Amino acid sequence: MLTTELSRPDLPDWDGHEKVIHIRDADSGLDAIIAVHNTRLGPGLGGCRFHRYADFDAALVDALRLSRGMTYKNAMAGLALGGGKSVIIGDGRAMAGEARKKLMLAMGAAVQSLGGQYVVAEDMHTHESDMGIMHGVTPFVCGLPAAQRKSVGGNPSPLTARGVLRAIEVAVDGKLRGLKVAVQGVGSVGYELCRLLHDAGAKLWVSDVHDDATTRCRDDFDAAVAAVDDIYAAPVDLFAPCAMGAILNDETIPVLKARMVIGAANNQLAEERHAEALAARGILYGPDYIVNAGGVIFVGCEYLGAVDEGAVVAQVDRIGETLREVFNFAEQRKITSAAAADQLARARFGR
């Protein structure tokens, strides 16, 4: 295994990261990046994303942005944890069997090499079973299969979706029945959010790069299916991004019909200035790392040894209260909700 420490201050998303490493392992085919942003509150916890990136720099930027977001997310979630993230470059949907096991063992060894500075969890195209494999070579992992857990834990997707629902409830004053919602990305979290919204009486529009995912939502929830590029202009009240980041940008913000943006995707704003662009159009924005913290609360509490699942769920349910605090702070200071969330988070982790 070859590990190279990276320093890329030329990239806009380089933000004083404590450690960034590139890991390559010829035997397993592993090509991965681990980024640790800040550990002032505790070890940097964040998921492992297994995705086919356009090139190495795209993967690196994703790791940098995501790890920074985890610092802010964990601070605002009230966890004694810092921020980190990892990405495996490859097709996480296709790899299976012994080849996947070998790859995950190598990834676990890479996590172990950091000695606890980074704690890995599942993310896009990684699963509980992957975390269980990594746990065979490192203790610095959460989101484990039930047989390997000694505390609460498991698949974080349902609680991530629950936290998003609590945030939406705050934004719409609890009036979910008849609410028109566009959900972009209906994988594990997006699908669960659709289920919760459907059960509450909302009307759904969905899009996804995978046709089987949208077909499932159409069949299960009577959702309208929109093309990937058309979902932004869906005639809805609320737009819920639940896929990749950087989707709120110069091209998409002008075509939004929704008056609110609240979803589970990380790093939704392509640039910080896009928070101002949303505000200029009168669109209420729920900062992503506030809204989508349910999953990290769940796995973070698992890693920290929590055994009372009811208390963990109650902490997830407080996401709505945290978002209300952010909205109130933004209104008082006459700043965007994104700026308000950042100011409150920095006060917590000491920057």
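Along the sequence shown, residues carry numbers from 1. None of these values were measured; they are calculated from a predicted model.
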To the nearest 0.5 Å, what is the distance between [atom1] on [X] and [atom2] on [Y]?
{"X": "Ile23", "Y": "Leu2", "atom1": "CD1", "atom2": "CG", "answer": "10.0 Å"}
{"X": "Met134", "Y": "Leu103", "atom1": "CE", "atom2": "CG", "answer": "8.0 Å"}
{"X": "Met104", "Y": "His135", "atom1": "CE", "atom2": "NE2", "answer": "16.0 Å"}
{"X": "Leu165", "Y": "Thr160", "atom1": "CG", "atom2": "OG1", "answer": "12.5 Å"}
{"X": "Leu11", "Y": "Leu60", "atom1": "CG", "atom2": "CG", "answer": "5.5 Å"}
{"X": "Leu269", "Y": "Glu276", "atom1": "CG", "atom2": "CD", "answer": "10.5 Å"}

Quiz item: Just checking, is any N or O donor in the side chain of Asp288 or Tyr285 under 3.5 Å from an acceptor N or O on the other one?
Solution: yes

Side-chain donor or acceptor of [X] paired with backbone N/O of [Y] under 3.5 Å:
{"X": "Asp31", "Y": "Arg24", "answer": "no"}
{"X": "Glu18", "Y": "Thr39", "answer": "yes"}
{"X": "Ser113", "Y": "Ala110", "answer": "yes"}
{"X": "Arg281", "Y": "Ile253", "answer": "yes"}
{"X": "Arg65", "Y": "Asn267", "answer": "yes"}
{"X": "Gln268", "Y": "Leu248", "answer": "no"}
{"X": "Ser67", "Y": "Leu64", "answer": "yes"}
{"X": "Glu122", "Y": "Met131", "answer": "no"}
{"X": "Tyr72", "Y": "Ala341", "answer": "no"}
{"X": "Thr322", "Y": "Arg318", "answer": "yes"}

State, with a plain yes or no, whether a side-chain heavy atom of [X] is found less than 4.5 Å away from one of [Y].
{"X": "Cys142", "Y": "Phe298", "result": "no"}
{"X": "Glu192", "Y": "Ser157", "result": "no"}
{"X": "Val186", "Y": "Arg216", "result": "no"}
{"X": "Leu204", "Y": "Cys217", "result": "no"}
{"X": "Asp91", "Y": "Met95", "result": "no"}
{"X": "Tyr191", "Y": "Cys242", "result": "no"}
{"X": "Leu79", "Y": "Gln315", "result": "yes"}
{"X": "Ile34", "Y": "Val120", "result": "no"}

Self-check item: Test side-chain contact (heavy atoms from CB on, under 4.5 Å) applied to Leu144 and Glu302, step by step
Solution: CA-CA 9 Å; Leu144 294 168; Glu302 174 195 342; 3.7 Å; yes

Could you see if [X] belongs to whatever hydrophobic cluster contains [Y]? Use Ile, Leu, Val, Met, Phe, Trp, Tyr and a side-chain cutoff under 4.5 Å.
{"X": "Ile247", "Y": "Ile283", "answer": "yes"}
{"X": "Val225", "Y": "Trp205", "answer": "no"}
{"X": "Ile290", "Y": "Ile168", "answer": "yes"}
{"X": "Ile21", "Y": "Trp14", "answer": "no"}
{"X": "Val183", "Y": "Met124", "answer": "no"}

Quiz item: Should the heavy atoms of other residues, nucleotides or ligands under 6.0 Å from CD of Glu272 be counted, would the total exceed 12?
Solution: no

Quiz item: Heavy-atom count around Lys203 NZ within 6.0 Å, excluding the residue itself: above 12?
Solution: yes

Taking every non-hydrogen atom, the tightest pair across [X] and [Y]:
{"X": "Ala345", "Y": "Ala75", "result": "O-CB, 4.2 Å"}
{"X": "Ala167", "Y": "Ile319", "result": "CB-CG2, 4.5 Å"}
{"X": "Met70", "Y": "Gly84", "result": "CG-O, 3.4 Å"}
{"X": "Val206", "Y": "Ile231", "result": "C-CD1, 4.0 Å"}
{"X": "Tyr289", "Y": "Gly69", "result": "CB-O, 4.0 Å"}

Exercise. Could you pull out all residues at least two apart from Asn292 that satisfy side chain to side chain donor-acceptor pair (under 3.5 Å)?
Key: Lys73, Asn266

Self-check item: side chain to side chain donor-acceptor pair (under 3.5 Å) partners for Lys19, two or more places apart
Solution: Glu5

Self-check item: side chain to side chain contact (heavy atoms under 4.5 Å, CB included) partners for Ala270, two or more places apart
Solution: Ala246, Asn249, His274

Exercise. Quickly, which of Val296, Ile297, Asn38 forms a side-chain contact (heavy atoms from CB on, under 4.5 Å) with Asn74? Name it, please.
Key: Val296

Practice problem: For the residue pair His37 and His17, categorise the inter-ring angle as parallel (less than 30°), tilted (30 to 60°) or perpendicular (more than 60°). | Solution: perpendicular

Quiz item: Can you check whether Tyr118 and Phe140 have ring centres sitting under 6.0 Å from each other?
Solution: no

Exercise. Check the pair Leu278 / Leu256 against side-chain contact (heavy atoms from CB on, under 4.5 Å), numbers first and verdict last.
Key: CA-CA 9 Å; Leu278 288 169; Leu256 286 174; 4.0 Å; yes

Donor-acceptor contacts, no H, no angles, side chain residues 324-336, under 3.5 Å, sequence neighbours left out:
residue	atom	partner	partner atom	Å
Asn328	ND2	Arg324	O	3.4
Thr336	OG1	Ala339	N	3.1

Practice problem: Please write out which residues are connected to Leu66 in a hydrophobic cluster, directly or through intermediates, given that two of Ile, Leu, Val, Met, Phe, Trp, Tyr count as joined at side-chain heavy-atom separations below 4.5 angstrom. | Solution: none

Quiz item: Can you list the other members of the hydrophobic cluster that holds Val228, where links are side-chain heavy atoms under 4.5 angstrom apart?
Solution: Val209

State which residues pass salt bridge (Lys or Arg N to Asp or Glu O under 4.0 Å) with [X]; sequence neighbours excluded, sorted by chain then number.
{"X": "Asp27", "result": "Lys102"}
{"X": "Asp199", "result": "Arg195"}
{"X": "Asp130", "result": "Arg100"}

Quiz prompt | Residue pairs fulfilling salt bridge (Lys or Arg N to Asp or Glu O under 4.0 Å) with at least one residue in residues 243-259, sequence neighbours excluded | solution = Asp250-Arg273

Practice problem: For residues 158-173, pull every pair meeting salt bridge (Lys or Arg N to Asp or Glu O under 4.0 Å), keeping only residues two or more places apart or in separate chains. | Solution: Arg162-Asp317, Arg166-Glu169, Arg166-Asp317

Quick one: side chains of residues 44-57, donor-acceptor pairs under 3.5 Å with protein atoms, not counting sequence neighbours, listed by atom name and distance.
residue	atom	partner	partner atom	Å
Arg49	NE	Asp123	OD1	3.0
Arg49	NH1	Asp62	OD2	3.3
Arg49	NH2	Asp123	OD1	3.3
Tyr53	OH	Asp62	OD2	2.6
Asp55	OD1	Asp57	N	3.3
Asp55	OD1	Ala58	N	2.8
Asp57	OD1	Arg8	NH1	3.3

